[in-house]
Amino acid sequence: MDREKKVILLLFILVSSVFLLCAGGYFYAWDTETKYQVTKSIVDKGRFDVEPSEMMVHLKEGKDGLYYSKFPLGTTLLFVPFYAATKFAANTVGLDVDLVSKFVLSLINVFVSAFTVLVLYSFLRYLKFSTKAALLTVLTYAFATMAWVYSSFSRSEVVVALLFISAVYAAAKFKDTNKTSSLLLSGLFTGLIFLFKFESIIVFPAFILFLFLLSKPKQKDVKKFADLGLFLKNTALFSIAALPSFIMWVVYNFVKYGDMFETGYSSGEVTALINPVSISLIVGSLALVGALYFVLKNKKVSMQSLISDHFVKLVYLFFLAVILLFLSNPNFLNHFYVRILSVGRGIFFYSAPLLLFFFGINKFYKEKKEVSVLIISSLLIFLLFFIVSELTTHGWGSRYAFPIHILMMIPIASLFSQKNSRLMRNFIILVLILGVIVQVLGFTVDHIRAAHVQRNLYGNEDDKFIENIQYDPAASPILVHAKVLKALVFDKGIVNVNDKELHYKFDFWMVRLSDDFPKPLLAGISAILVLFALISAYFLKKEAKSL
């Protein structure tokens with residue numbers, strides 16, 4: 001085994017050991033429970049419908065009078081082989097199938113997250129970053145952003161992050177090699193994103209823009225808009241690879257509701273896709289780029305050169321348009337504040353190292369223009385959707401923004417690969433420390449149960465609960481988790497809120513199972529995971545130095 005493969009193996013052991021050690025080992029939300037029930041129905045009955053109950057709040061009556069999940073099929077299909085295997089194993093040894101299956105399925109994203117780290121590392125090495133810069137970047141992603149906490153959650157966003165970085169990686173390979181297989185892989189991964197989270201179709205235009213940049217006309221034909229034949233060919237291949245996921249989605253909808261485009265939702269995420277603000281920004285941006293092209297085409301500047309060479313300037317103009325829209329729409333401005341800047345849900349409070357993106361993107365853009373355009377345009381599209389979408393009541397940070405974390409990490413490798421001033425080094429250390437502290441608060445305390453503190457402080461009404469998370473720093477989940485953690489360490493897990501005693505435990509699977517399984521066994525498993533993490537970290541450092 002060569003040293004590069006050893007680094008990848010050690011990295012996987014380190015990250016998966018730590019993530020597994022810190023996992024909760026259960027479903028945190030009824031979203032996952034609903035998907036689990038669909039999985040059971042598929043395996044046990046060969047059907048998609050599930051039995052309604054008070055807890056199954058994400059169901060909708062279908063055309064046949066039965067009840068179906070509103071969620072896309074991706075996570076359910078991912079669950080199916082694991083559920084079938086654990087069902088067989090549990091029945092063989094005489095254990096409760098639901099107990100074993102839910103425990104195993106709750107840990108899938110531990111390994112999905114660890115594999116995502118490997119893909120990011122491989123991509124950074126492919127982009128010619130040093131082993132040191134690549135490792136610093138992926139370890140920052142793993143342990144100083146929400147990736148650590150979300151590895152415990154069975155949320156579809158975790159798989160979307162893996163598919164997202166895989167699609168961008170394959171697209172970058174296609175640019176360099178012009179291999180059809182890389183283009184097809186990029187389209188396949190993009191289509192699968194749609195299957196796991198259907199509103200992620202919004203990223204499709206970013207990949208089409210990327211393919212447009214690769215269709216630059218020859219120098220003698222620079223006045224041409226593009227090499228349309230090449231562009232249409234590449235777009236068709238990309239779309240064909242993504243098409244099976246879309247077909248599966250519409251067929252699933254038709255089976256459930258008798259309508260190919262009926263998702264089961266009627267507001268929130270779906271309406272965000274056709275929000276008039278988003279549409280006006282897209283139309284305005286296209287008009288701006290088109291106007292600049294027709295002004296410059298007589299100077300032998302192709303449309304592709306205009307975009308790739310002046311993309312940062314175009315982004316500045318885009319943000320100027322966004323700011324003007326914000327000022328004309330106070331509600332939109334309020335959404336921006338809550339999701340980006342508030343202590344309750346702001347992405348930079350929950351993943352402080354993302355701030356480093358702004359210090360690394362300029363250097364990365366100069367070296368990798370087309371890939372930078374793909375990354376930045378994806379970020380802008382996700383940002384717009386994220387801002388106009390509904391705020392969820394529960395979660396750790398900005399759940400809808402989680403898939404873009406992985407993209408924002410790529411330019412940070414440029415920052416880690418250069419010699420920085422003492423001030424910048426201190427700033428990097430500060431945001432890394434803050435990032436790790438916030439994630440430790442996130443995975444030691446169950447965020448759903450910690451919300452009980454907030455609800456007892458401010459009442460149980462959802463509107464009041466959300467309002468205080470948004471605007472009252474004292475109601476920030478970060479501070480509430482810190483309060484609960486203090487109680488766990490010093491007050492036996494008892495939190496007093498308005499004369500109510502709330503009892504908590506550390507949110508680790510070995511703590512949760514300590515009442516039903518021998519404590520020495522659980523302690524032994526934990527010790528093995530700690531040992532794996534320490535040994536892999538030691539040898540990883542050793543191998544990295546020798547490369």
Side-chain angles (χ1 to χ4, degrees), residues 4-5 8 11-12 72-75 77-78 81 108-109 111-129 134 138 141 156-198 200-215 227 229-249 368-379 381-382 403-410 413:
E4 192 67 28
K5 290 181 179 178
I8 291 175
L11 186 61
F12 180 77
L73 202 53
T75 302
L77 293 180
L78 179 63
I108 287 177
N109 276 348
F111 300 101
V112 171
S113 299
F115 192 69
T116 302
V117 170
L118 298 191
V119 175
L120 176 60
Y121 174 81
S122 299
F123 188 22
L124 293 175
R125 293 291 289 142
Y126 175 78
L127 293 174
K128 307 301 182 185
F129 287 107
V138 299
Y141 173 74
S156 59
E157 284 82 4
V158 178
V159 182
V160 169
L162 171 59
L163 294 171
F164 216 160
I165 188 65
S166 300
V168 173
Y169 188 1
K173 276 193 170 182
F174 172 69
K175 172 193 171 293
D176 294 334
T177 64
N178 203 34
K179 288 185 177 179
T180 302
S181 58
S182 295
L183 179 60
L184 292 174
L185 274 177
S186 184
L188 175 65
F189 290 134
T190 306
L192 289 173
I193 291 173
F194 177 70
L195 192 60
F196 277 83
K197 201 166 182 65
F198 70 85
S200 296
I201 190 67
I202 57 175
V203 305
F204 201 84
F207 286 91
I208 301 304
L209 174 62
F210 176 77
L211 295 177
F212 177 73
L213 294 183
L214 302 186
S215 63
D227 186 338
L230 179 62
F231 173 63
L232 293 175
K233 172 192 169 185
N234 290 340
T235 302
L237 289 171
F238 180 86
S239 302
I240 288 170
L243 189 60
S245 296
F246 179 76
I247 292 173
M248 192 177 298
W249 182 75
K368 305 286 182 182
K369 287 185 178 179
E370 288 84 3
V371 176
S372 295
V373 170
L374 175 56
I375 291 172
I376 296 172
S377 56
S378 297
L379 294 177
I381 291 170
F382 245 97
I404 68 174
H405 280 52
I406 191 77
L407 295 185
M408 294 186 74
M409 296 306 301
I410 298 170

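Residue numbers start at 1 and run along the sequence shown. Just so it is clear, the structure is predicted and the values come from calculations on it, not from any experiment.
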> Hey, does V117 have a side-chain heavy atom less than 4.5 Å from the side chain of Y141?
Replying inline: yes
Can you list, pair by pair, the side-chain donor-acceptor contacts under 3.5 Å of residues 174-182, counting residues two or more places apart and other chains?
{"residue": "D176", "atom": "OD2", "partner": "Y126", "partner atom": "OH", "Å": "2.7"}
{"residue": "T177", "atom": "OG1", "partner": "K173", "partner atom": "O", "Å": "2.7"}
{"residue": "T177", "atom": "OG1", "partner": "K179", "partner atom": "N", "Å": "3.3"}

> How long is the gap from CE on M409 to CD1 on I404, to the nearest 0.5 Å?
Replying inline: 12.5 Å
> For S378 and A206, which heavy atoms make the closest approach, and how far apart are they?
Replying inline: OG-CB, 3.3 Å
> Hey, are the side chains of L213 and K369 touching, using non-hydrogen atoms and a 4.5 Å cut-off?
Replying inline: no
> With a 4.5 Å limit on heavy-atom distance, are the side chains of L127 and I410 in contact?
Replying inline: yes
>> With rounding to the nearest 0.5 angstrom, report the OG to CD1 distance, S239 to I208.
In response: 5.0 Å
>> Going by the rule ring-ring contact (aromatic ring centres under 6.0 Å, His included), which residues pair with F123 if we only count those two or more places apart in sequence or in a different chain?
In response: Y169
>> Using 30° and 60° as the class boundaries, would you call the ring planes of F212 and F231 parallel, tilted or perpendicular?
In response: perpendicular
> Shortest non-hydrogen contact from I240 to P244?
Replying inline: O-CD, 3.2 Å
> If you measure from NZ on K128 to NZ on K368, what distance do you get to the nearest 0.5 Å?
Replying inline: 7.5 Å
> Taking side chain as C-beta onward, heavy atoms only, is L195 less than 4.5 Å from P72?
Replying inline: no
> Which distance, rounded to the nearest 0.5 Å, do you find between the CG of L214 and the CG of L230?
Replying inline: 7.5 Å
>> Can you tell me how far apart CG (L78) and CG (N109) are? Round to the nearest 0.5 Å.
In response: 7.5 Å
> Which atom pair, heavy atoms only, marks the closest approach of L163 to I193?
Replying inline: CB-CG1, 3.4 Å
> Does some side-chain heavy atom of F196 sit less than 4.5 Å from a side-chain heavy atom of T75?
Replying inline: yes
> If you look at every heavy atom in A170 and S186, which pair is closest and at what distance?
Replying inline: CB-N, 3.6 Å
> Around atom CZ of F115, are there more than 12 heavy atoms of other residues, nucleotides or ligands at under 6.0 Å?
Replying inline: no
>> Which residue is it: I406, L118, L120? I am looking for the one with a side-chain contact (heavy atoms from CB on, under 4.5 Å) to V138.
In response: L120
> Between V158 and T116, is any pair of side-chain heavy atoms under 4.5 Å apart?
Replying inline: no
> Knowing that exactly one of T235, L237, L188 qualifies, which makes a side-chain contact (heavy atoms from CB on, under 4.5 Å) with L183?
Replying inline: L237
> Hey, what do you get for CE (M248) to CG (L192), rounding to the nearest 0.5 Å?
Replying inline: 8.5 Å
>> Restricting to non-hydrogen atoms, name the atom on A171 and the atom on L374 that form the minimum distance, rounded to 0.1 Å.
In response: CB-CD2, 4.0 Å
> For F164, what residues pass the ring-ring contact (aromatic ring centres under 6.0 Å, His included) criterion, not counting sequence neighbours?
Replying inline: F382
